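Here's the structure we're looking at; comments come further down.
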Amino acid sequence: MLKPIWLTLIGMLLLFGMTACVSGSPEPSVSASADSDGNEPRIISTTVAITEIMAALELDLVGIPTSSKELPERYKDAVPVGNPMSPDLERIRALRPTDVLSVTTLEYDLEPKFAGAGIPSDFLNLQSVADMQQTIRRLGAKYGREQQAAAITEQIDAKLAEIRQKVEGKKQPTVLILLGVPGSYLVATEHSFIGDLVKQSGGINIVQGEKVEYLASNTEYLQQANPDIILRAAHGMPEEVVKMFDQEFKQNDIWKHFDAVKNGRVYDLEERLFGTTANLEAGEALDELMGMLYPAEY
């Protein structure tokens, strides 16, 4: 029962538009490689993170997610097809896609719907930085964008190498990651994207040995772990969620016993950088984390 519950939850988070987008200068339109029949692929992206990746690969899209985020100028004429969790299947079918791209965290809910509607779908793994790199290479090979994919992944490799060099030999801080949506919050494990960023930055997630990305909060257990740092990721309606976190930390007496609270090491993460799935802002997110985990040096 865990799988559908957690995947539905992640879908809700994606529905709120958790993956941020920052558009760069528009690239000239370059068509993807034609298939074996000589037809150009008609690709639909259903999440903002995927849309950014496709733009970096210089690939055209006929459909894009409906989002309040600023999407790349390249796709100004593409058709919005609804939110990531419940895209408009009729609108998608009308676009005659050859590929509809979603993420693996939504596969349990969406794959049967796409299959039932006769829509060709591909679910991309963006759960970690390494997963995203592998996905980018796979897309590059599929659509004849190997050179662009190599450039993107090499840039990420360079950033990861830089981070590893900076954290080598440093004391590893323990970290608690709270993921908040309007009305509630969860604890992020090392299998979440933010958990992976913390690991890449030399931090130790206090939640170990779990297989899922997020868990229900147990403040007594968390207090016993007593993390050095608390990261609060506010999503959906960030301003409201930050207020919710502030109220929780003020009204629930147990939080004042956390060393992270006593020492003023509670940080609110910017939604643009710290989403539920990996995105091309990972390098900037790692730089931000370094300043939180090692404030005396950054």
Side-chain angles (χ1 to χ4, degrees), residues 10 13-24 45 47-56 65 67-72 84 103 105 124-133 135-136 152-153 155-164 166-167 173 175-182 185-203 205 213-214 229-242 244-245 265-295 297-298:
I10 298 306
L13 299 178
L14 286 168
L15 174 60
F16 283 125
M18 296 181 63
T19 307
C21 172
V22 177
S23 298
S45 166
T47 80
V48 177
I50 294 173
T51 305
E52 287 186 311
I53 290 170
M54 298 303 277
S67 175
S68 61
K69 308 293 184 181
E70 182 183 2
L71 299 178
V103 289
T105 45
L124 310 182
N125 187 346
L126 301 179
Q127 288 185 231
S128 69
V129 175
D131 290 333
M132 178 175 66
Q133 289 180 284
T135 291
I136 290 171
I152 298 167
T153 56
Q155 184 176 21
I156 296 172
D157 282 336
K159 172 56 69 174
L160 293 175
E162 174 192 329
I163 296 296
R164 283 194 295 270
K166 288 181 177 179
V167 302
V175 182
L176 164 63
I177 308 166
L178 301 177
L179 178 71
V181 294
Y185 63 91
L186 300 170
V187 175
T189 74
E190 61 185 341
H191 299 295
S192 67
F193 171 54
I194 300 176
D196 180 56
L197 291 177
V198 167
K199 184 177 180 180
Q200 298 289 349
S201 302
N205 195 316
E213 293 178 78
Y214 303 98
I229 298 165
I230 298 176
L231 303 177
R232 308 191 311 188
H235 288 286
M237 301 161 66
E239 292 183 4
E240 290 188 15
V241 175
V242 169
M244 177 196 74
F245 273 135
R265 302 198 68 186
V266 179
Y267 304 98
D268 289 315
L269 303 179
E270 183 181 354
E271 183 185 21
R272 179 179 69 85
L273 301 178
F274 299 93
T276 54
T277 61
N279 59 77
L280 295 181
E281 310 298 335
E284 186 177 349
L286 286 167
D287 287 334
E288 288 288 321
L289 271 181
M290 292 294 285
M292 299 171 189
L293 271 57
Y294 312 100
E297 303 174 50
Y298 296 94

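In this text, all values refer to a predicted model and were calculated from it rather than measured experimentally.
The line from CD of Q133 to CG of L160 is 6.0 Å long, rounded to the nearest 0.5 Å. The CG atom of L124 lies 7.5 Å from the OG1 atom of T47; values are rounded to the nearest 0.5 Å.
Between E271 and K69, at least one side-chain nitrogen of the basic residue sits less than 4.0 Å from a carboxylate oxygen of the acidic one, meeting the salt-bridge criterion.
The backbone N or O of G202 lies less than 3.5 Å from no partner atom in the side chain of R164, so there is not a single donor-acceptor pair. D196 places a side-chain N or O within donor-acceptor distance of the main-chain N or O of V129, the cut-off being under 3.5 Å. Side-chain N or O atoms of Y294 include one that pairs as donor or acceptor with a backbone N or O of S201 at under 3.5 Å. The closest donor-acceptor contact from the side chain of T277 to the backbone of Q127 lies at 3.5 Å or more, if one exists at all.
The side-chain contact (heavy atoms from CB on, under 4.5 Å) search around Q155 returns none, not counting sequence neighbours.
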Problem - Evaluation steps, side chain to side chain contact (heavy atoms under 4.5 Å, CB included), between I50 and T135 - result: CA-CA 10 Å; I50 294 173; T135 291; over 6 Å; no
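Taking both residues in full, the closest heavy atoms of A49 and A278 are given as CB-O, 3.7 Å, listed atom of the first, atom of the second, then distance. Heavy atoms only, all atoms of each residue included: N205 and A188 are closest at ND2-O, 3.1 Å. Annotation for F193 and A282: closest pair CZ-CB, 4.3 Å, computed over non-hydrogen atoms.
Here the side chains of L197 and L286 are in contact, with some heavy-atom distance below 4.5 Å.
Enclosure of atom NZ in K159 by more than 12 non-hydrogen atoms of other residues, nucleotides or ligands within 6.0 angstrom is indicated.
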